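Worth saying up front: this structure is predicted, and the values here are computed from it rather than measured.
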Amino acid sequence: MRADFYLIDKPRFREQPLLLVCELAKRAFAAQQPTLILARDHVQAEAIDELLWAFDEDAFIPHQLAGDEDDADTAVLIVPPGVDTPDRPMVINLREDCASGNFQRVLEVVAADPDERTGSRERWGEYKRRGFELSKHDM
């Protein structure tokens with residue numbers, strides 16, 4: 001199991017951190033990895049849904065908000081809190097808590113905000129305790 005922390009630094013991601021989420025979802029789809037995006041709330045989930053249509057005119061990433069009978073057939077599921085979904089190999093986590101469930105890899109997207117960085121250090125420690133292989137990427 002592996003956890004990758006993506007620390008936002010570049011101006012384009014600082015201005016719109018969800019762009020990085022879209023880029024990571026695009027890579028996961030290209031690698032044929034069924035993916036869950038764990039959104040913090042419904043507003044963020046809807047923003048990701050909108051941005052995945054618009055961020056790259058050359059990319060088509062099949063996605064939807066979780067909770068539909070088509071969930072199993074959709075490559076990228078955006079999961080607001082309180083919606084149960086089956087586990088998938090890849091998870092993009094935007095929540096304050098570590099991702100739970102059975103997955104092979106989790107991508108943690110960390111905004112440039114100091115409070116976000118503090119929370120990410122706590123998640124890093126938790127994943128380490130769980131025996132994950134950890135890596136950090138400055139974006």
For a 4.5 angstrom cut-off between non-hydrogen side-chain atoms, does W124 reach K136?
yes

At their closest point, which heavy atom of R14 faces which heavy atom of D9, and how far apart are they?
NE-O, 2.9 Å

For W53 and F60, take the angle between the two ring planes, folded into 0 to 90°, and tell me which bin it lands in: parallel under 30, tilted 30 to 60, perpendicular over 60.
tilted

Can you name the one residue among L107, L51, I78, I37 that meets side-chain contact (heavy atoms from CB on, under 4.5 Å) with V21?
I37

Are the side chains of Y6 and F13 in touch, meaning some heavy atoms are under 4.5 Å apart?
no

Do the side chains of R123 and N93 get nearer than 4.5 Å, heavy atoms only?
yes

Should R130 and C98 count as side-chain neighbours, where that means a heavy-atom distance under 4.5 Å?
yes

Give the minimum heavy-atom separation between P34 and P89, together with the two atoms involved.
O-CD, 3.5 Å

Least distance between heavy atoms, L52 atom then A25 atom:
CD2-CB, 4.1 Å

Of all heavy-atom pairs between V110 and S120, which one has the smallest distance, and what is that distance?
CG2-CB, 3.5 Å

Tell me whether the count of non-hydrogen atoms from other residues, nucleotides or ligands lying under 6.0 Å of CD in E96 goes above 12.
no

Any non-hydrogen side-chain atom of R95 less than 4.5 Å from a side-chain atom of P81?
yes

Sole candidate of D73, D71, D49 that passes side chain to side chain donor-acceptor pair (under 3.5 Å) when paired with Q64:
D71

Could you tell me if the side chain of T35 sits less than 4.5 Å from the side chain of F29, heavy atoms only?
no

Close side-chain approach of K10 to L20, heavy-atom, < 4.5 Å
no

Candidate pair M90 and L36, rule side chain to side chain contact (heavy atoms under 4.5 Å, CB included), full reasoning:
CA-CA 6 Å; M90 174 82 77; L36 296 177; over 6 Å; no

Taking C-beta and beyond as the side chain, do L94 and I48 meet within less than 4.5 Å on heavy atoms?
yes

